[in-house]
Each structure stands twice: as structure tokens, then as C-alpha cells.
Amino acid sequence: MKKLTTFASACLLSFGACQTEVAPPQAFGPIPSDIQMDWHEREQYAFIHFTTNTFTDKEWGYGDESPSIFNPTAFDAEQWVTVIKEAGLKGLILTCKHHDGFCLWPSAHTEHSVKNSPFRNGKGDVVKEVSDACRKHGLFFGVYLSPWDRNFAQYAAPEYITYYRNQLAELLCNYGEVVEVWFDGANGGDGYYGGARERRNIDSRTYYDWPNTRALVRRLAPRAVMFSDAGPDIRWCGNESGFVGETNWCTLSADTLHPGKPNINALLNTGSEDGTSWLPAEVDVSIRPGWFYHETEDDRVRTPENLFKIYLESVGRGANLLLNLPPDRRGLIHENDVKALQGWKKMRDEAFSCNLAAGAKATADTWRGRSGTYAAARVTDGDPETYWATDDGVTAGCVEIDLQSPRTLSYVCLREYIRLGQRVKQFEVEVWKDSAWERVATGTTIGPRRILPLGGLSAAKLRLRITDAKACPLISTVEIY
């Protein structure tokens with residue numbers, strides 16, 4: 001009897017099943033690379049648009065602006081970074097050169113830069129001060145280098161590509177680790193072009209020779225993801241309004257895209273269920289109507305409530321949020337912007353400070369091989385590397401979470417284990433009410449994160465029901481707030 005008891009205690013699990021070796025799920029479809037996983041974990045960060053446009057009151061400079069107009073009177077990279085960090089953002093991407101061609105660093109390849117401005121008596125380097133401040137405060141640093149240059153005389157000729165890559169190399173070699181490189185889709189048009197006021201058009205599919213430019217980034221900044229309409233690592237969300245589609249696949253067939261390709265916004269907004277590349281969406285939006293600072297917009301800063309809505313419709317739909325914060329002519333993030341950020345941070349903290357599901361009892365109608373490794377408890381254990389999974393070929397199932405007593409439920413947050421691919425196509429959220437399950441939310445994709453408002457209803461039990469998936473679903477987290 002003692003021998004049987006010993007055997008039973010070694011074999012039985014708390015889930016009431018015998019522990020056996022169960023093969024883990026295999027990857028299904030495209031999966032994220034390590035640098036893409038790092039990007040997913042960053043979730044929200046700042047965009048900084050700052051150049052001669054700040055002083056000319058323009059959005060797009062022509063390239064004929066004198067460097068002498070760039071003269072922020074109280075520039076403080078520490079203020080930028082402190083404001084960004086206190087807002088709960090993980091880093092920033094700096095517009096090192098916009099379409100006007102003015103460089104925020106003393107580039108050796110042009111005179112159209114800070115070295116010919118009054119800033120720091122011609123000895124200034126905005127890129128260095130910002131990158132140093134990011135490292136000091138534990139934020140990541142990324143660079144934006146516009147492919148279009150309305151100042152350079154040889155733009156649209158082969159010589160410009162060499163120039164562009166030389167500038168890219170300066171940014172990637174001289175300013176510490178860069179983790180994101182942002183390639184804008186605006187390419188070609190009217191400009192100054194070294195004194196030739198004319199329109200120059202290029203074929204965005206071939207002119208830039210993107211494969212070799214991307215290879216340069218891979219060599220000089222191996223941990224950096226690259227953004228453009230076509231990736232290769234992350235894609236545009238298809239709008240600048242602050243949202244990605246309620247259906248948002250992290251997959252897309254990249255060979256059908258190129259920067260600036262017309263009429264692809266809807267596809268970029270939703271991704272493609274059958275896409276052949278892992279190409280997740282980044283949502284870029286400004287806290288003001290414009291991307292650069294304009295004094296006339298000081299009273300048109302987004303409210304905390306609007307920023308919270310954007311958060312739910314970007315991060316809450318599995319995209320990353322890139323929020324633009326344009327410094328003013330002093331070289332500071334304006335007080336109105338700071339106030340809005342503080343209010344937004346307070347709203348997020350209040351909404352998501354207490355996960356009611358943490359450590360709660362979870363049960364499932366099915367789980368992989370009846371093994372505790374893949375049981376329902378994995379969605380409430382606080383470990384993003386564990387997950388509930390079903391057997392191969394089982395593409396539906398449900399997980400129930402028992403909160404023990406009625407609680408006010410405002411949001412449910414779901415996550416798939418995306419290291420092995422994005423799978424869920426349809427799901428429902430139900431609560432136990434009046435001795436029956438009542439559906440309170442539905443959705444299509446889940447992906448890296450999905451947040452659904454529940455409206456403050458009261459319930460003691462919540463159930464996630466996966467009704468359709470491309471392969472056996474893998475759910476790493478169910479959080480309830």
C-alpha cells in the first residue's frame with residue numbers, strides 16, 4: 001500500500017490527471033524574431049519631431065531654410081526624457097532628419113545641419129544629447145531618417161543613395177545602441193534641391209535599393225527593428241489617427257508591399273490572416289494636430305481621455321503605440337502636453353493597477369495531453385512564458401476564472417503566446433449571471449495583447465471561449481481589472 005501511495009503521489013496532479021510527457025505545440029505560420037519580440041514588449045514610446053520646421057511654423061520644410069533659424073533657447077534633453085519616462089513610455093524615436101534635409105547632428109556629409117546654426121554656438125549635437133539622456137534614464141533610443149531630402153542637390157540621382165547611407169551609418173555608429181530605425185513613406189516631390197526649385201519624382205520600389213540599405217542596418221545595428229510600409233520588421237498601421245483594426249493580424253505578405261505604395265491602407269490596418277511574414281503594426285499619432293510644434297495648437301492638445309481611447313485602440317488591439325510629442329521653440333515639451341500625459345498616465349494606472357485574476361483559480365474544458373504544463377492555471381500564474389493550450393487539431397475551448405465573490409469588472413486583457421505564432425480567429429467573453437453564462441464581449445484576433453472594456457459589470461466568474469483558431473490556441477494571460 002505504501003508503494004502504491006508513493007506512486008500515486010508522484011503521478012497525480014492537482015488538476016486531477018496523470019503527469020506524462022506531452023509534446024509541446026509546434027510553431028504555426030510566421031513567428032516573431034527575437035528583435036521583434038523585444039519590440040512587442042516595448043508597447044508604447046514617444047516620437048519627437050524637432051527641426052527647422054519648429055521655427056518656420058511649417059509641417060514640411062522645402063529644404064531652403066537657413067540653418068541660422070534653428071536656435072532653441074532652453075533646449076533640455078533631460079526634460080524630454082523625464083517627461084517621457086514619467087508618462088510610462090519606454091523610449092523615443094528622434095526625427096534626426098526630416099524631408100527638409102536639416103540634420104540634428106553635425107553630419108560630415110552636408111552643411112545643412114546644426115553645425116551651421118547658433119545652437120550651442122555651432123558645437124551642438126541634438127542626437128547626442130538625446131541619446132545620452134535616454135541611456136542615463138533607462139529608455140531606448142531610435143532614429144528617423146527621411147528617405148526624401150528636399151535640400152540635397154543630387155536627390156533622385158544615384159549619388160543620393162550613397163549620401164543617405166553615409167548619414168545612416170553616422171547615426172548607427174556614433175550614438176550608442178539604436179533599437180528602431182524609422183523609414184518614412186513620403187518620397188519625392190517639389191523642393192529646393194541645392195537651389196534647383198523643381199519637382200523630382202522617383203520610383204520608390206527601386207530607387208532606394210532598400211535590400212542593401214536594410215543590410216547596412218542589420219550589420220551596424222543588429223538589434224534594431226526597421227519600420228516602413230513594407231517593414232521588414234514592423235509595418236505602418238495605415239493611418240495617423242491613432243488606431244489599428246479590431247481585427248489585427250501580425251502577419252502580412254511583405255513581398256506585396258513597398259514604401260509609398262498607394263491604396264494599401266486598409267490592408268496595413270488589419271494585416272493578413274494568411275500573411276507569410278511576421279510584420280506587426282505600429283500606430284503613429286501626434287498629441288497635437290500637427291507633427292511639429294505650432295503655438296496656435298497649444299489649446300488643441302489631446303485630452304487624457306482621448307489618449308486613453310487611443311491606447312485601447314492601439315496597444316489594446318495588439319499594436320505598439322508611437323506617440324508624437326513635438327518640442328516647442330524653447331526646445332522643451334510644452335506644459336500643456338505634459339499635463340495631458342500626466343492625466344493619461346493617471347487614467348492607465350487607475351484602470352490597470354489591480355489584476356483581479358492574478359493567482360485566481362482557473363479551469364478549462366480541455367487542455368493539452370491533460371498535462372499541468374498546459375492547464376488553465378497557466379493563464380493566471382503571472383508568467384508570460386507559460387500558456388494554456390489544447391491538443392493539436394482542437395481549435396476551440398474555454399477557460400473559466402473564479403474570483404470567489406462578485407467584483408466590479410471594467411476590462412479584460414488577453415494575450416496569446418505569440419512566440420509560436422498568432423492563431424485565434426474568434427473568441428467570446430462571458431460572465432456568470434443569474435445562474436447562466438452571459439456573453440459580454442466578442443472579438444476576432446488576440447495576438448500580443450487584446451483589451452476589451454466590460455463597462456463596470458458585477459460578476460464572480462468570467463469565461464474566455466475560443467470559438468475558432470487557425471491551430472490549437474495558446475493563451476498565456478487572462479487579466480481582469
Given Tyr193 and Asn151, is the side chain to side chain donor-acceptor pair (under 3.5 Å) satisfied, shown in steps?
-> CA-CA 4 Å; Tyr193 303 122; Asn151 172 268; over 6 Å; no

With the threshold set at 4.0 Å, does a side-chain nitrogen-carboxylate oxygen contact exist between [X] and [Y]?
X	Y	result
Asp383	Arg378	no
Glu416	Arg423	no
Lys345	Asp349	yes
Lys309	Glu313	yes
Arg449	Glu43	yes
Arg165	Asp209	yes
Glu428	Arg439	yes

Handout entry: Pair Ile475-Val399, side-chain contact (heavy atoms from CB on, under 4.5 Å): steps then yes or no
Key = CA-CA 9 Å; Ile475 305 300; Val399 172; 6.0 Å; no

Taking all non-hydrogen atoms of both residues into account, name the closest pair between [X] and [Y] and its distance.
X	Y	answer
Phe243	Val283	N-CG1, 3.7 Å
Ala46	Ile84	CB-CD1, 3.7 Å
Ser286	Gly290	OG-O, 2.7 Å
Ala224	Asp233	O-OD2, 4.0 Å
Val179	Arg42	O-NH2, 3.5 Å

Within the distance-only criterion (no hydrogens, no angle test), does the side chain of [X] pair as donor or acceptor with the backbone N or O of [Y] below 3.5 angstrom?
X	Y	answer
Gln36	Trp278	yes
Trp344	Asn306	no
Asp468	Gln426	no
Tyr155	Gly188	yes
His137	Leu139	no
Asn53	Glu59	yes
Arg235	Thr251	no

Below 6.0 angstrom between ring centroids: does that apply to [X] and [Y]?
X	Y	value
Phe141	Tyr175	no
Tyr417	Tyr387	yes
Trp148	Tyr160	no

Could you state the interatomic distance from [atom1] ([X]) to [atom2] ([Y]), rounded to the nearest 0.5 Å?
X	Y	atom1	atom2	result
Phe75	Glu78	CZ	CD	10.0 Å
Arg218	Leu216	CZ	CG	11.5 Å
Thr408	Ile480	OG1	CD1	12.5 Å
Leu356	Leu403	CG	CG	6.0 Å
Cys237	Asp284	SG	CG	5.5 Å
Asn248	Thr444	CG	OG1	8.5 Å

- Restricting to pairs with a member in residues 323-336, which pass salt bridge (charged side-chain N to carboxylate O under 4.0 Å, His left out), not counting sequence neighbours?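 Residue pairs with at least one partner in residues 323-336: Asp328-Arg330, Arg330-Glu335.
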
Which pairs pass salt bridge (charged side-chain N to carboxylate O under 4.0 Å, His left out) with one or both residues in residues 84-105, sequence neighbours excluded?
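Salt bridge (charged side-chain N to carboxylate O under 4.0 Å, His left out) check on residues 84-105 returns Lys97-Asp149.
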
Compare all side-chain heavy atoms of [X] with those of [Y] and state whether any distance is below 4.5 angstrom.
X	Y	result
Ile93	Ile48	no
Met37	Glu41	yes
Leu307	Leu323	yes
Cys96	Trp105	yes
Ile466	Thr395	no
Asn324	Val285	no
Leu92	Tyr45	no
Ser228	Arg214	yes

Looking at [X], I'd like to know if its [atom1] atom is crowded, meaning that more than 12 non-hydrogen atoms belonging to other residues, nucleotides or ligands lie closer than 6.0 Å.
X	atom1	result
Glu295	CD	no
Lys128	NZ	no
Lys58	NZ	yes
Phe352	CZ	yes
Arg200	CZ	yes

For the residue pair [X] and [Y], does the interplanar ring angle fall in the parallel (under 30°), tilted (30 to 60°) or perpendicular (over 60°) class?
X	Y	value
Phe47	Trp182	tilted
Phe55	Phe50	tilted
Tyr163	Phe152	parallel
Phe70	Phe102	tilted
Trp60	His99	perpendicular

Q: May I ask you to establish whether Arg150 and Tyr192 are in a cation-pi arrangement, using a distance under 6.0 Å from NZ or CZ to the six-membered ring centre and at most 45° from the ring axis?
A: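 The answer is no; the distance or angle limit is not met.
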
For this session: Assess whether side chain to side chain donor-acceptor pair (under 3.5 Å) is satisfied between Asp381 and Thr386, documenting all intermediate values.
Result: CA-CA 8 Å; Asp381 65 3; Thr386 65; 2.7 Å; yes

Verify the distance criterion only: is there a donor paired with an acceptor across the side chains of Asn187 and Tyr207 at less than 3.5 Å?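 Note: Asn187 and Tyr207 side chains miss the donor-acceptor criterion.
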
Checklist entry - Is there a donor in the side chain of Glu170 and an acceptor in the side chain of Ser107, or the other way round, less than 3.5 Å apart? => result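 Indeed, the side chains of Glu170 and Ser107 share at least one donor-acceptor pair under 3.5 Å.
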
For this session: Assess whether salt bridge (charged side-chain N to carboxylate O under 4.0 Å, His left out) is satisfied between Arg223 and Glu177, documenting all intermediate values.
Result: CA-CA 8 Å; Arg223 298 299 301 174; Glu177 185 178 38; 5.1 Å; no

(Q) Run Trp291 and Glu240 through side chain to side chain donor-acceptor pair (under 3.5 Å) and show every step you take. (A) CA-CA 10 Å; Trp291 290 92; Glu240 295 178 344; 3.3 Å; yes

Return the set of residues passing side chain to side chain donor-acceptor pair (under 3.5 Å) with Tyr293 (not counting sequence neighbours), or none when no residue passes.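 Once residues adjacent in sequence are excluded, the partners of Tyr293 under the side chain to side chain donor-acceptor pair (under 3.5 Å) criterion are Asp298.
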
